[in-house]
Amino acid sequence: MNKKYKNETELEYILGLIKRGEVTNLDEVSEIVIKKNSQDILLAILCMKFRYAWYSQIPNETLSNLLGVVSKFNKNKEIILNAIICGYPLTKYLHRVDDELLNDRNFVLDAIKRGATQIPEKYRNDIEIVKAYVKYDGMRLKDLSDNYKNDINFIKIAIKYNWRIVNHLDKKWMDDVDFIKYLVSIHPDFLREASEKVLNMISEELIGAK
C-alpha cells in the first residue's frame, strides 16, 4: 500500500491530492491530518472524487476502500448528511449508516430533506417524513404505497414539486372536476388531460356563471 503521504501534515496539500484522485484510501494519509480534519478529508473523497456519476467507474479495490471510509464515520451525523447532499450512493440510500443514526428521527428527516432515497421501515407511516420525501421530488410518489398514491393531499404535494407525476396517477383523477381545476390552476395545459365528462361539466359551470 502506498504510504508516501504518511509524513505529510499540511491539510491543503492532502486535500489537493485527494481532489486530483491521487489519494483514495485514508490509510495513505497522515494520521495526524485525519484526526484533526477527518470531516474535511472524508468529504473531499466523497464529494470531489466520487460523485454519483463517477460511481460506476470506481475500481473494485478503491470501492472496497471507500466502504471502509464510510464505516469509520457512519455515526457522524454531519458527515453523513453532507455525503447525502453530494449524492454518494452508500449514504444516499442510507446503506452503511449506523443504526444509532437511523433510530434518530431528526436525522432521518434531515436525510430525506437532503435527498436520501429510502425511508427506513419504522418511519414509513410518519407523515412529516413521507411529505418531505415527496417534496424533494414529486415523482417519488409513485414509489410509495397505494395509501399515499390515492391521498389527494400527497398528490397535490407531488404535483407542486414535479408536475410530471400526473402521468403516473390513477386515471380516475381525470374524471374529478375539482382535481382538474387544481391542475389547471397550476398550468392551463393540464386541461387537455381532463376527460370529456369533466370538460362538459366545466363548460356547464362557465355557462351557468354568465
Side-chain angles (χ1 to χ4, degrees), residues 43 46-48 50-57 77-78 80-95 97 101-102 104-210:
L43 291 183
L46 297 186
C47 302
M48 300 303 298
F50 301 114
R51 288 179 179 274
Y52 185 77
W54 290 86
Y55 191 67
S56 62
Q57 303 173 29
K77 181 175 181 179
E78 186 174 355
I80 295 300
L81 289 176
N82 276 285
I84 289 171
I85 292 173
C86 290
Y88 185 59
L90 295 177
T91 52
K92 189 176 179 69
Y93 298 104
L94 296 183
H95 295 166
V97 176
L101 282 184
L102 293 181
D104 180 342
R105 181 184 178 278
N106 289 332
F107 165 79
V108 173
L109 179 59
D110 287 342
I112 294 297
K113 286 180 177 179
R114 285 161 174 74
T117 57
Q118 182 187 67
I119 302 177
E121 183 70 32
K122 66 182 293 184
Y123 300 108
R124 289 183 183 174
N125 292 318
D126 187 309
I127 300 301
E128 185 179 8
I129 287 178
V130 177
K131 282 184 177 179
Y133 182 80
V134 176
K135 284 181 178 181
Y136 186 83
D137 183 351
M139 288 295 286
R140 289 181 169 188
L141 180 67
K142 64 185 178 65
D143 300 322
L144 298 178
S145 69
D146 289 342
N147 287 338
Y148 294 118
K149 290 179 184 177
N150 294 314
D151 185 318
I152 187 60
N153 295 313
F154 280 92
I155 290 174
K156 286 184 175 181
I157 291 173
I159 290 170
K160 180 178 180 180
Y161 289 91
N162 192 331
W163 63 265
R164 293 178 179 83
I165 191 62
V166 168
N167 298 320
H168 299 273
L169 298 180
D170 191 308
K171 297 302 180 184
K172 70 179 183 182
W173 292 105
M174 299 305 112
D175 286 326
D176 186 307
V177 175
D178 291 333
F179 180 68
I180 293 298
K181 287 180 178 178
Y182 175 76
L183 285 180
V184 174
S185 72
I186 295 175
H187 200 300
D189 282 352
F190 281 133
L191 193 60
R192 65 188 177 190
E193 304 287 343
S195 67
E196 185 175 349
K197 172 185 173 183
V198 169
L199 291 175
N200 289 335
M201 294 175 67
I202 292 176
S203 296
E204 289 174 6
E205 283 190 23
L206 292 174
I207 293 173
K210 290 183 177 180

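Nothing fancy with the numbering, it's 1 onward along the sequence.
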Q.
Could you walk me through whether Lys135 and Ile112 satisfy the side chain to side chain contact (heavy atoms under 4.5 Å, CB included) test, starting with their C-alpha distance in whole Å, then the side-chain angles of each, then the deciding distance to 0.1 Å, before giving a yes or no?
A. CA-CA 10 Å; Lys135 284 181 178 181; Ile112 294 297; over 6 Å; no
Q: Apply side chain to side chain contact (heavy atoms under 4.5 Å, CB included) to the pair Leu183 and Trp173, showing each step before the final yes or no.
A: CA-CA 10 Å; Leu183 285 180; Trp173 292 105; over 6 Å; no
Q: Give the C-alpha distance, both sets of side-chain angles, the deciding distance and a yes or no for side chain to side chain contact (heavy atoms under 4.5 Å, CB included) between Met139 and Tyr161.
A: CA-CA 8 Å; Met139 288 295 286; Tyr161 289 91; over 6 Å; no
Q. Please walk me through it: do Tyr148 and Val134 pass side chain to side chain contact (heavy atoms under 4.5 Å, CB included)?
A. CA-CA 10 Å; Tyr148 294 118; Val134 176; over 6 Å; no
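When the shell of 6.0 Å around NZ of Lys131 is examined, it contains 12 or fewer heavy atoms from other residues, nucleotides or ligands.
Expressed to the nearest 0.5 Å, how far CD1 of Ile119 lies from CG of Asp126 amounts to 8.5 Å. Remark: Lys156 NZ to Leu141 CG distance equals 14.0 Å, nearest 0.5 Å. To the nearest 0.5 Å, atoms CG (Asp176) and NZ (Lys181) are separated by 10.0 Å. The CD1 atom of Ile152 sits 10.5 Å away from the CD1 atom of Ile157 when rounded to the nearest 0.5 Å. Atom-to-atom distance recorded for Phe154:CZ and Ile159:CD1 is 13.5 Å, nearest 0.5 angstrom. Rounding to the nearest 0.5 Å places CG of Asp151 at 13.5 Å from NZ of Lys149.
Looking at Ile180 and Met174, their side chains come closer than 4.5 Å, going by heavy atoms from C-beta outward. For the pair Arg140 and Thr117, the minimum side-chain heavy-atom distance is below 4.5 Å. Using a 4.5 Å heavy-atom threshold, the side chains of Val108 and Lys122 count as separate.
When all heavy atoms are compared, the tightest approach of Phe107 to Leu101 is CD2-O, 3.2 Å. Pro120 and Leu102 get closest at one heavy-atom pair: CG-CD2, 4.3 Å. The two atoms that bring Gly138 and Asn162 nearest to each other are N-CB, 3.6 Å, heavy atoms only.
Side chain of Tyr123 to main chain of Glu128: no donor-acceptor pair is present (N/O by atom type, distance under 3.5 Å, no hydrogens or angles).
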